[in-house]
Amino acid sequence: MLEDLYRELIMDHYRHPQNRGRLENPTVQVELHNPLCGDELELQLIVKDDTVEDVRWTGQGCSISQSSASMMSQALKGMARDRALKLVANFQAMMHGEDFPYPEVELGDLEALSGVAKFPVRIKCALLAWEALSKALNQSES
Amino acid sequence: MLEDLYRELIMDHYRHPQNRGRLENPTVQVELHNPLCGDELELQLIVKDDTVEDVRWTGQGCSISQSSASMMSQALKGMARDRALKLVANFQAMMHGEDFPYPEVELGDLEALSGVAKFPVRIKCALLAWEALSKALNQSES
Amino acid sequence: MNLSRLREDFPALHQRVHGKLLVYLDNAATSQKPKAVIDAISRYYAYDNANVHRGIHALAERATVAYEGARARIARFIGAPAPETVVFTKNASEAINMVAYAWGGVHVREGDVIVTTPMEHHSNLIPWQQLARRTRATLRYFGLTPDGRLDLSNLDQLIDERTRIVAVTHVSNVLGTVNPVRRIAQRAREVGAVCLVDGAQSVPHMPVNVQELDCDFLAFSGHKMCGPMGVGVLYGRPELLAQMEPFLFGGEMISKVTLEEATWKDAPHRFEAGTPNVGGVIGLGAAVEYLEAIGMENIWRHEVELSRYCIERMREAIPEVIIYGPEGERAGLVCFNVPGVHPHDLAQVLDRDGVAIRAGHHCAQPLMRLLGTPATARASTYLYNTKEEIDIFVSALIRAKEFFA
Amino acid sequence: MNLSRLREDFPALHQRVHGKLLVYLDNAATSQKPKAVIDAISRYYAYDNANVHRGIHALAERATVAYEGARARIARFIGAPAPETVVFTKNASEAINMVAYAWGGVHVREGDVIVTTPMEHHSNLIPWQQLARRTRATLRYFGLTPDGRLDLSNLDQLIDERTRIVAVTHVSNVLGTVNPVRRIAQRAREVGAVCLVDGAQSVPHMPVNVQELDCDFLAFSGHKMCGPMGVGVLYGRPELLAQMEPFLFGGEMISKVTLEEATWKDAPHRFEAGTPNVGGVIGLGAAVEYLEAIGMENIWRHEVELSRYCIERMREAIPEVIIYGPEGERAGLVCFNVPGVHPHDLAQVLDRDGVAIRAGHHCAQPLMRLLGTPATARASTYLYNTKEEIDIFVSALIRAKEFFA
Ligand SMILES: Cc1ncc(COP(=O)(O)O)c(C=O)c1O
Ligand SMILES: Cc1ncc(COP(=O)(O)O)c(C=O)c1O
C-alpha cells in the first residue's frame, strides 16, 4: 500500500524539514549522492566530547530521502557518538528487514520509515542520510 | 543428397589427386588457408607469355578442397591467362548459384562440383584453390 | 495503424499492476516485445540452436543462415550498403566503446579534438572523456539553445581541422530533440573527421538511413526497438571497418593463430569475438520484420502526435508543469517536473495507478545540471501507446500532485 | 539420473534431421536448452520486461529482483563469496578480455611474465598475446606431456617471481584434459601472481567452487550450460575487482558524471556498462536451477562414463582411429581422426545420419599444430546424451569410413 510508504509523519517532515541549512563551524561534513537517481545530500555535524552537539543538512531529493534526513537530524541532537552509531545500525537493519542489532537503542519516530523496506528501489533514498552519518561519525573519531 | 556432394569424379580426384607436388621454378606461388577449418593450400604456377604452362599444388584439406584443387590444376594446364581468369569467375558463379559471366568458357569436368553449392559451409572448401589461383594470376600480371 | 489490433501482439501490455491495467510509458528505457519476437527466440532455442559459422551439421547450418539472414535484414533496415557493415555487439554502449577504443585509440592523438554535445547519454559521453584522457585530446562541446536544441551558429569553429571525431545523438533521450545529424556529419566530412551517430533513440522510432545521413558510424540497441536485450548494432562505413583493429580477441574473429601471434578475419567477424548472441540477433531480426510491416513512417507520425497531445494535456491539467525540450516536432518522449513533487515520488504514486514512467537523471547528469534540476520524470511512448493511455497518465498525474500538495 | 525423463525437457533433441532422429554431440560448442530455460526467457519478455536498477515502477522492480536474484544464484553455484563478485558479460571471451584489459593493462609491465598453455582456446590465448604485445611483457607456455596433460615438472621455474598472471583452462575443449588448476593457482599465489581459470568447459559439466580452486578469476559462458547465448560470467576475487578500473563506459556503471569527468559505481555494476542482457541472465539463472536439481556430481559421472564408453567403442569399431588426449578420467568430449577421411567429410556424412559432431581446429590452432593435424573431428556429450546415441554415432562412423575407403 502506498500509505505504508507515505505515512503522515513522513509527509510532515517532507513539507517541514527540520535542521535544514548549514552550520558555521561544523567539526565534520560529508557530501553524498545517490547515483541511481541523482539525489544529493550534505550533512554537517558538530561532534564534541563524543557527543553530537549539532546537526544540519542540505540537499535535493524525494520525500523519502528528505524526511529521512530530517527525522534523523531530530533524533541525533545531543546523542552520544556511540549511540548514534548504533542507531545507524538499527536503521539499516530496519530497511533490510533484519532484526535490530541494538534493541536497547530505540528508533522512536523513525519507525515511521519502516514501510520503505517494502519498496526496494526506495531503500537507497531512505539510507542516503544515514550513510552520510555513518561516514561523518567515523571521520569524527578522535 | 549426399551423392550431390560426393560425386564419383570428386572422389576419384580425392583418392588420386592430380598435379600434387612442388615445382622447381615457379614464376608465382600463393599460400592460402581457410580459417573456418584450418585447410591449407599452396599453389605454384609457371606463367609464360600469358599462358599457364605448369601447375602444382600441395595442401591439406577435405575431399572437396582437395578434389577442387586437383580438377582445377588439370583444367588449367596450357590455358591462356585471360581464359583462366574467366574460368575462376565462372567457377565462383557456380558456387554462388549465379549465371556464368562467361558462358563461352566451359567448366567441363568441374561441373561435378556444382552440387557443393547446396552445402553452404562447404563452398569455402571448394573455393580455396580458386582464390589462390585468382591471387596468383593477378600477381603474375606483367 | 490499427492500434487495438497491434496491442494484441504485445503480451506485456495486457497485465494488471496493483490492480490497474498497465500503462507502459517507459519505452525510452526499453520497449516491450511482440509475440513474434518472443516466439522467434523460443523457436530458435527449441529447434535450431547451435553455434554458428564453423559447424557442418544441420542445426549449425540453420543457425548460421538465420544469424546472417538477420544481419542482412538489419543492414537493409538502416540502408547500409552491405551486411558486412553491421557488427553485432551486446548493446549500444558496447558499440560506442568499440569505436572509441578501436578507431579512436588509433586515430586520435594529443592535441586532436573530439566534439560531442551536452545532451548525450552517458554511453556516448564517457567513452569520449576516457579517450580524451588516454590520448590527451581535447573534448569540445556543442552549446545548447534555451529551448534545448544544438546551437549550430558556431558549427564551423566548433568542428575544425583539428577535429578527428564528432559523436552526437540523433534523438535526445531527455529533450526529445531531433538533431540535424546530416548537417553535422557533412561538416565533419569537410574537415576530415568521422561522425558517430548515437541512434539508440532514433532507429526504433523513425526511418533512419545511414547513407542519407552520410554518417560514418551508427550505434543502437535492439531492446529499445521490440528486440531482446543483449544485442546492439554498430554500423560502420566499410573503409573504416576495414582499417579498424579488433578490440575483443578470441574465437570466431581470427584467421591464423600461432603461439606467438594471430591475424584477423575481415569485418564484421573481426569485431565479434566469442560465441555471438545468435538467439538475440534472430530476435532482433524478427523485431525489424515486425517494425517494417507497420512502417517506420507510421510509427514516427504516431509518436509525434502522441507527444504533442501529451504535452497539451499536461499543460491543461497542471499549468505549472515544467516541460523540458523544444516546442514543435519532437520525439515521443516528455521529460517534465511538477513543482513541489520530486520525480521519484511521482513515479511511485503513478506506479500504484498502473502507470509506468521513469524518474531520475536518465543517464544524462551533465544535461540535468544544465537544466538546473537533479532529476526529472519521463513519459516515453512507442508504437502501441494510445491517447487513452495519455489521458490515464495525466489523470494519475493530477492525483499525484494532489497527494503531495 | 533418469535419462529418458530428462531428455523430455529438451525440445531440440526430439527432432529429425535428414529423416533421422537427431543425435546431438556438439555440446562443447553449445548445449541445448531445457524447456524451463526457454520458458523463463519467454515469461520474462511477456510479463516482466523492463530496464533494471533505475526504475521505480512494478516491472522495473520485478526485472531488477529477478536479475539480481539470478546473480546471487549463479554466485552460489560456483561457491563465490558474494553476489558482487559475479560480473555479467556477453560470453566467456569478453570476460577474459575484460581481465586482460582492466587488470592486465594496469598490472602488467615490460619484462613481466604472463604464463599460459598451448591447449588454450583462442579466447584464452589471443587476449594475452595482445596484452604481452601492448605491454612488452613475455608470454611463457606450459609444456605438454605426450598424452596431452600439462607438464608440471618445471612449475616453479615456469611461474616465477616475474610472473604477474597465469591464465589456464580448467578443461581442454580438445583434449578433454582436466588441469590441476588448484595447484597452479597456489603456485601463482606463492609468487604474487593472479590466476585466471577458463571454466568454459568445466563449469557446465562438473562441480566447480572458486574458493576451493582458490583462483582469482573464473570465466565461463552460459550457452554451454543450458543457458541462452549472450551471457557470460566473470567471477573475480572481491579485492581484485575493487582495484580494477572499468573497461566499458556508459550507463549503469557510473556514480557521478560531469562534462569533464566521471566516477564509477562499485563492482559488479562498474563492469556492466549499458543495458544488461536481463532476459539472458534470468535464463542462465533458470539453467543453473535446472542443473542443480540434477546435481553436478551426477552430470560429471555420467559424462566421464560416456566418454570412456565412446572411446572404447570407437577403438573396437575402427582400430586405426586416432584419439587425442589422455587415457583415464577425462571430460565428456573426444577429439579424433579416422586416417584417410578428413574430419569435414566425416562431419558431413555423419550429419546425413542425424549425428551432429564438429570438425575443425576448435579454436585451438596452436594445439592442432602440436598434435600434427590441421583439424580433428569432435564428439562432445552433455547430461542428456545416452550410450545408445554413442552406438548410433559409432555405427555412422563406420559407414562414413567405408564411404571414403
Ligand atoms: C575452453 C574454452 N574457452 C573459451 C571459450 C569461449 O567461449 P565463448 O565463445 O562463449 O566466449 C570456449 C568455447 O568456445 C571454450 O571451449
Ligand atoms: C540516447 C541513448 N544512447 C545510448 C543508450 C545506451 O543504450 P544501451 O543501454 O542499450 O547500451 C541509450 C539508452 O539507454 C540512449 O537513450
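Heavy atoms only: backbone and side chains are in, while hydrogens, waters and symmetry mates are out. Just so it is clear: chains get the letters A, B, ... in the order the sequence lines come, proteins before strands, and each one is counted from 1.
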Against chain C, label Arg378(D) side chain, backbone, both or neither, depending on which of its atoms sit under 4.5 Å from a heavy atom there.
-> neither
Contact origin within Arg43(C) toward chain D - heavy atom pairs under 4.5 Å = neither
Under 4.5 Å to a heavy atom of chain C? For Ser221(D) that would be neither
Structural part of Ala132(D) lying under 4.5 Å from a heavy atom of chain C | neither
side-chain hydrogen bond (donor to acceptor under 3.5 Å, both in side chains) against Glu94(C), all qualifying residues, sequence neighbours excluded = Lys90(D)
Do you know the tightest heavy-atom contact between Ser255(C) and Gln365(D)?
-> O-NE2, 3.1 Å
Leu59(C), part contacting chain D, at a heavy-atom distance under 4.5 Å | side chain
Say whether, by atom type as modelled, one donor and one acceptor occur between the side chain of Arg369(C) and the main chain of Leu259(D) under 3.5 angstrom.
-> no
Do Ile126(C) and Trp264(D) come close enough that some side-chain heavy atom pair is under 4.5 Å?
-> yes
Engaged part of Thr116(D) at the chain C interface, taking heavy atoms whose separation is under 4.5 Å = neither
With a 4.5 Å cut-off on heavy-atom pairs, point out which of Leu139(D), Ile254(D), Val17(D), Leu13(D) contacts chain C the most.
-> Ile254(D)
Which word best sums up how the rings of Phe247(D) and Tyr101(C) line up, parallel for under 30°, tilted for 30 to 60°, or perpendicular for over 60°?
-> tilted
Verify, without hydrogens or angle tests, whether Tyr45(D) (side chain) and Met229(C) (backbone) share a donor-acceptor contact under 3.5 angstrom.
-> yes
Ser123(D) and Gly251(C): which non-hydrogen atoms are nearest, and at how many Å?
-> OG-N, 3.0 Å
Report the option among Gly279(D), Ala262(D), Ala200(D) that has the most heavy-atom pairs separated by less than 4.5 Å from atoms of chain C.
-> Ala262(D)
Region of His14(C) in contact with chain D, defined by heavy-atom distances below 4.5 Å | neither
At a heavy-atom separation under 4.5 Å, does Ile96(C) approach chain D through its side chain, its backbone, both, or neither?
-> neither
Is chain C contacted by the side chain of Asn49(D), its backbone, both, or neither, given a heavy-atom distance below 4.5 Å?
-> both
Return yes when atom NZ of Lys265(D) has more than 12 non-hydrogen atoms of other residues, nucleotides or ligands closer than 6.0 Å, and no otherwise.
-> yes
Looking only at non-hydrogen atoms, find the nearest pair between Gln129(D) and Thr258(C) and report the distance.
-> NE2-O, 2.7 Å
